[in-house]
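Remember, it's 1-based here, ligands and their atoms both numbered in the order they're listed.
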Amino acid sequence: MASSIVDIRILQREYLLAITRALTAELDLSDLLRLILQSSVELVSGKAGMIALTDPETDLLQVAAVYGIPAPVVDHFAPLLRDLPATDGQAQEAELTRRLGLVARNANMGLNQMIRLPMKEGDRVLGVIYVFMAGQYFMVEDASTLLRSFAEQAAIAVKNARLYQQINKEKQRLDAIIQQNADGVMIMDSSLCITDFNKALSRMTGIRPEDAIGKPHDELFQWHSLKTEMDLQKALANGWPMPGAAHLYVEGDFKRPESDVHQTADGRIISLGITYAPLMNENGRMTDIIANVRDLTRYREEEALQKTFISVVSHELKTPVSIIKGYAGTLQRQDANWSPEIVHESLQVIEEEADNLTDLIDSLLEVSRLQAGTFSLEISDNVMLPLLVRNSVKKFSSQTEKHTFVVDFPDNFPTVTGDERRLNQVFNNLMSNAIKYSPNGGEIKLSGAVHSDYVTVSIQDSGIGIPEHEQHRIFQKFSRLDNALSRKTEGTGLGLYLTKSIIEAHNGRIWFSTTPDTPGTTFTFSIPRDGDE
Ligand code: ADP
């Protein structure tokens with residue numbers, strides 16, 4: 001008898017050692033719990049077991065693992081934690097132990113004995129291991145000490161696994177933050193190999209994350225042209241990062257790769273601004289570099305637009321000013337004796353050019369109001385669009401001999417509610433374009449149509465038309481198409497942008513159509529009609 005007890009003890013100690021080793025190696029919590037439970041059951045030659053863990057947030061017990069309990073009987077165990085009195089952990093545990101005893105006996109598995117092993121970290125109960133046994137279990141003298149030390153080991157392992165789980169969760173959270181970041185983000189290790197490359201950066205550069213990860217930074221980021229003095233390579237050669245770990249900013253043009261696999265791998269040149277931030281360890285050695293990448297292409301385009309704007313506007317301002325100055329200077333000459341007709345004609349030109357200047361300044365003010373968000377309509381009721389059209393035609397027909405105007409509005413054309421001055425501006429823009437872009441003259445037809453909720457007005461010319469590949473730009477600010485530029489017509493590229501803004505401010509829409517067989521363009525806009533009173 002004595003030798004058999006010694007044998008059991010030796011066996012149990014060996015068991016404990018093996019389990020403890022396994023416990024310290026296992027970091028996955030559910031695998032670990034399964035291991036703990038199975039070992040606990042085997043350690044005391046039990047039949048089944050269950051582990052309940054204390055939820056660190058709610059401090060309440062939850063079943064975390066079961067072992068050796070056949071599927072039909074699991075149902076008996078399932079309600080064990082249901083409606084546990086939400087008092088403190090200790091009272092809960094006592095109640096659970098009581099219920100377990102009952103259930104185990106009722107499960108008809110002959111489980112008539114139960115061992116309860118609290119897993120403790122100091123005074124805190126991390127969870128409880130329950131082992132059920134059948135028949136009369138004879139516990140050797142110090143088996144309970146052994147079990148207790150096993151439970152202690154298990155508690156440490158659970159704690160480690162939980163920490164590991166927490167770190168993992170934190171890592172997943174950080175990964176998600178990097179991935180979901182709207183800016184491009186990439187991380188490199190100390191040898192400048194890319195370890196993280198987020199979706200936004202992939203969209204920006206046309207490089208797929210799987211093609212970027214593991215590659216050296218310099219292989220992917222070869223600048224087409226550099227705007228800053230240094231790129232990363234040069235900065236590193238110059239001793240970056242210095243102690244104090246300052247960021248490095250690199251900006252330049254980058255050529256996207258060309259490939260069918262990635263939507264944005266289109267070979268386009270884009271402008272990128274990259275801020276490199278070094279991560280240093282406690283010894284002052286750089287371990288990683290985090291790079292934040294921004295697509296600056298739109299800002300560069302805006303800059304280019306601003307430049308166009310300045311050159312266009314200064315040209316458009318200069319022309320009338322020099323005409324005015326020329327005529328005024330001529331009229332002023334002491335040595336000339338101008339006939340009243342010449343004086344009259346010259347003053348007329350001066351007046352027209354002054355009007356052109358005023359129109360241009362008005363357009364610029366409107367654009368700046370639109371940009372500042374202070375653009376608002378001065379609404380009046382009963383605006384008669386056919387009347388505005390006829391006035392416009394009267395004004396423009398005195399300026400051209402090559403064009404004929406046809407106005408076609410039905411008699412029942414309803415009034416609209418709107419800003420009369422701005423709608424006048426719309427007609428002026430569309431009609432001056434119709435004239436400008438039909439240099440050989442021809443008919444310009446202005447027609448109206450009535451629909452149930454809205455009216456439409458169309459301005460049709462028989463001019464140069466709009467090439468298909470440029471149609472998407474036509475309503476953009478400052479955009480002048482090749483059809484205008486190549487013919488050296490004057491303009492700022494603001495007319496249609498303002499026209500569209502005005503129509504949309506009236507809850508309307510504007511569009512245009514060109515037909516390959518007939519020359520010219522038709523611009524049409526819709527605007528809600530006033531209800532019938
Ligand atoms: P602008 O006439 O001052 O250049 P707009 O904004 O009015 O500016 O028009 C933008 C561009 O659209 C013009 O430069 C021209 O290329 C094109 N466009 C406008 N109207 C017509 C038209 N009726 N026919 C052909 N091209 C047009």
Side-chain angles (χ1 to χ4, degrees), residues 304-320 353 355-371 375 389 392-393 396 399-400 402-406 422-447 456-505 509-525:
L305 267 184
Q306 295 287 349
K307 277 189 199 150
T308 326
F309 167 74
I310 292 170
S311 72
V312 164
V313 168
S314 46
H315 172 257
E316 291 292 305
L317 284 172
K318 258 190 192 160
T319 315
E353 292 302 325
D355 284 347
N356 284 343
L357 270 181
T358 315
D359 285 349
L360 177 60
I361 291 165
D362 281 348
S363 299
L364 292 174
L365 285 175
E366 292 282 58
V367 170
S368 80
R369 277 188 209 111
L370 276 165
Q371 267 172 343
F375 179 87
V389 166
S392 235
V393 166
F396 280 101
Q399 295 177 12
T400 171
K402 285 195 255 175
H403 300 88
T404 51
F405 295 88
V406 176
R422 295 276 189 17
L423 289 170
N424 232 336
Q425 209 178 337
V426 165
F427 289 124
N428 286 345
N429 286 340
L430 293 176
M431 278 176 70
S432 80
N433 279 353
I435 294 171
K436 250 193 326 195
Y437 301 113
S438 50
N440 298 328
E443 187 181 276
I444 295 174
K445 187 172 176 190
L446 298 110
S447 51
T456 57
V457 179
S458 298
I459 292 99
Q460 181 183 9
D461 65 50
S462 39
I464 58 177
I466 301 165
E468 203 177 326
H469 69 280
E470 291 196 301
Q471 292 184 353
H472 65 283
R473 293 203 296 127
I474 194 149
F475 291 110
Q476 284 171 13
K477 205 172 14 177
F478 303 125
S479 70
R480 308 206 65 221
L481 314 184
D482 277 346
N483 64 1
L485 295 172
S486 60
R487 287 174 175 83
K488 298 202 166 49
T489 50
E490 294 192 338
T492 54
L494 288 176
L496 286 181
Y497 167 71
L498 282 176
T499 300
K500 184 168 187 270
S501 307
I502 294 170
I503 294 296
E504 285 177 353
R509 267 187 348 104
I510 180 163
W511 63 95
F512 62 89
S513 58
T514 50
T515 34
D517 320 330
T518 41
T521 315
T522 306
F523 278 88
T524 305
F525 68 82

Contact check: Ala434 vs ligand 1, nitrogen or oxygen atoms, below 3.5 angstrom: no
With ring centroids as reference points, do Phe427 and Phe525 lie under 6.0 angstrom apart? yes
The protein heavy atom nearest to atom 6 (O) of ligand 1 is Leu496 N, 2.8 Å
Please confirm whether Phe512 approaches ligand 1 to less than 4.0 Å, judged on its heavy atoms. no
Contact check, Glu490 vs ligand 1, heavy-atom distance below 4.0 Å: no
Could you please spell out the steps behind the side-chain hydrogen bond (donor to acceptor under 3.5 Å, both in side chains) verdict for Asn428 and Ser392? CA-CA 7 Å; Asn428 286 345; Ser392 235; 2.9 Å; yes
Atoms in ligand 1 with a heavy atom of Asp461 nearer than 4.0 Å: 22 (C), 23 (N)
Check the pair Leu496 / Asn433 against side chain to side chain contact (heavy atoms under 4.5 Å, CB included), numbers first and verdict last. CA-CA 9 Å; Leu496 286 181; Asn433 279 353; 3.8 Å; yes
With a 6.0 Å cut-off (strictly less than), is the heavy-atom count around NZ of Lys445, excluding the residue itself, greater than 12? no
Looking only at protein heavy atoms, identify the closest one to atom 7 (O) of ligand 1 and say how far it is in Å. Asn433 ND2, 2.8 Å
Does any N or O of ligand 1 fall below 3.5 Å from an N or O anywhere on Phe523, backbone included? no
With a 4.0 Å cut-off on heavy atoms, does Gly463 reach ligand 1? no
Could you say whether the N/O atoms of Ile466 and ligand 1 ever approach to under 3.5 Å? no
So, does Thr319 use its side chain to make a donor-acceptor pair with the main chain of His315 at under 3.5 Å? yes
